Amino acid sequence: MSWDPVFRFVQQIPRGRVLTYGALAKALRLPGGARSAGRAMAATPSGKGIPWHRVVGERGKILIREPYASLQRKLLASEGIAILESRVDLKRHLWKPPKKSARKHQTPKKRIHK
DNA sequence: CATCTGACGACCG
DNA sequence: GCGGTCGCCAGAT
């Protein structure tokens with residue numbers, strides 16, 4: 001399984017925003033759902049600038065186990081993302097992907113009349 | 001080939 | 001809100 005599309009997608013999450021595994025799976029239509037998103041993140045190559053820490057569980061919960069959980073909290077905090085009651089404040093930081101953000105160049109679609 | 005194991009999430013008690 | 005079960009599915013044992 002190639003998780004490349006997932007990595008590219010995650011890479012587009014803006015600084016200071018987060019996404020849930022479920023939303024990620026849904027946006028990319030991953031077979032297997034959220035759990036697939038989780039597997040993809042588990043396979044995240046390090047050193048490629050992929051902001052894996054911006055992916056959290058439903059309702060903002062950090063699901064990865066220690067010692068990475070601490071790192072994730074730290075990284076999130078460094079982006080100004082608040083963590084309340086051990087979970088990210090989704091109300092404030094949830095990112096809503098355009099629909100399919102993995103585009104190389106946006107479709108102009110500037111035709112004003114049809 | 002049989003089982004177990006998850007960076008999930010919906011459901012239920 | 002928390003813990004247990006279940007569906008899901010690719011890898012590891």
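This structure is a prediction, so every number in the text was calculated from the model and none was measured. Chain naming here is simple, since letters A, B, ... match the order of the sequence lines and numbering starts at 1 in each.
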How close or far is atom [atom2] of [N] from atom [atom1] of [X], stated in whole angstroms?
X	N	atom1	atom2	result
A:Ile50	B:dA7	CD1	P	17 Å
A:Arg35	C:dC6	CZ	P	14 Å
A:Met41	B:dC8	CE	P	11 Å
A:Glu58	B:dA10	CD	C1'	9 Å
A:Lys61	B:dA10	NZ	P	14 Å
A:Trp52	B:dC8	CH2	P	13 Å

query: With respect to the phosphate group of B:dG9, does any side-chain polar atom (N or O) of A:Arg59 fall under 4.0 Å of OP1 or OP2?
result: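 A:Arg59 to B:dG9 OP1/OP2: no side-chain N or O under 4.0 Å.
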message: Need one value for A:Gly57: base, sugar-phosphate or nothing, where a base atom within 4.0 Å counts as base even if backbone is also close, heavy atoms only.
response: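 Since only primed, P, OP1 and OP2 atoms lie under 4.0 Å of A:Gly57, the category is sugar-phosphate.
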query: A:Phe9 vs A:Trp95 aromatic rings, parallel, tilted or perpendicular, using cut-offs 30° and 60°?
result: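 Tilted: the ring planes of A:Phe9 and A:Trp95 meet at 30° to 60°.
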- request: Report the C-alpha separation of A:Glu79 and A:His53 in whole Å, then their side-chain angles, then the decisive distance to 0.1 Å, and conclude whether the side chain to side chain donor-acceptor pair (under 3.5 Å) test is met.
  value: CA-CA 11 Å; A:Glu79 296 186 1; A:His53 57 282; 2.9 Å; yes
field: Selection: residues 63-81 of chain A, any non-hydrogen atom under 4.0 Å of DNA chain B
entry: A:Leu63, A:Ile64, A:Arg65
task: Spell out, as yes or no, whether a donor-acceptor pair under 3.5 Å connects the side chain of A:Gln72 to the backbone of A:Val55.
output: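 Such a contact is found between A:Gln72 side chain and A:Val55 backbone.
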field: Expected output: side-chain A:Ser36 to main-chain A:Pro31 donor-acceptor under 3.5 Å
entry: yes
Pairs under 3.5 angstrom, nitrogen or oxygen only, protein versus nucleotides 10-13 of chain C, please.
| from | atom 1 | to | atom 2 | distance (Å) |
| --- | --- | --- | --- | --- |
| C:dA10 | O4' | A:Arg39 | NE | 3.4 |
| C:dG11 | OP1 | A:Met1 | N | 3.4 |

field: Approximate separation, where rounding is to 0.5 Å, of A:Arg8 CZ and A:Gln12 CD
entry: 8.5 Å
- request: Check whether any side-chain heavy atom of A:Val10 lies under 4.5 Å from a side-chain heavy atom of A:Thr44, and answer yes or no.
  value: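 Heavy-atom side-chain distance check fails, nothing below 4.5 Å.
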field: Partners meeting salt bridge (Lys or Arg N to Asp or Glu O under 4.0 Å) with A:Arg73 (sequence neighbours left out)
entry: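 Testing A:Arg73 for salt bridge (Lys or Arg N to Asp or Glu O under 4.0 Å), a comparison that skips the adjacent residues, returns A:Glu66.
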task: Give the C-alpha distance, both sets of side-chain angles, the deciding distance and a yes or no for side-chain contact (heavy atoms from CB on, under 4.5 Å) between A:Leu71 and A:Trp52.
output: CA-CA 11 Å; A:Leu71 175 58; A:Trp52 58 271; 3.7 Å; yes
query: Given A:Ile81, which of A:Leu76, A:Leu75, A:Val56 fulfils the side-chain contact (heavy atoms from CB on, under 4.5 Å) condition?
result: A:Leu76
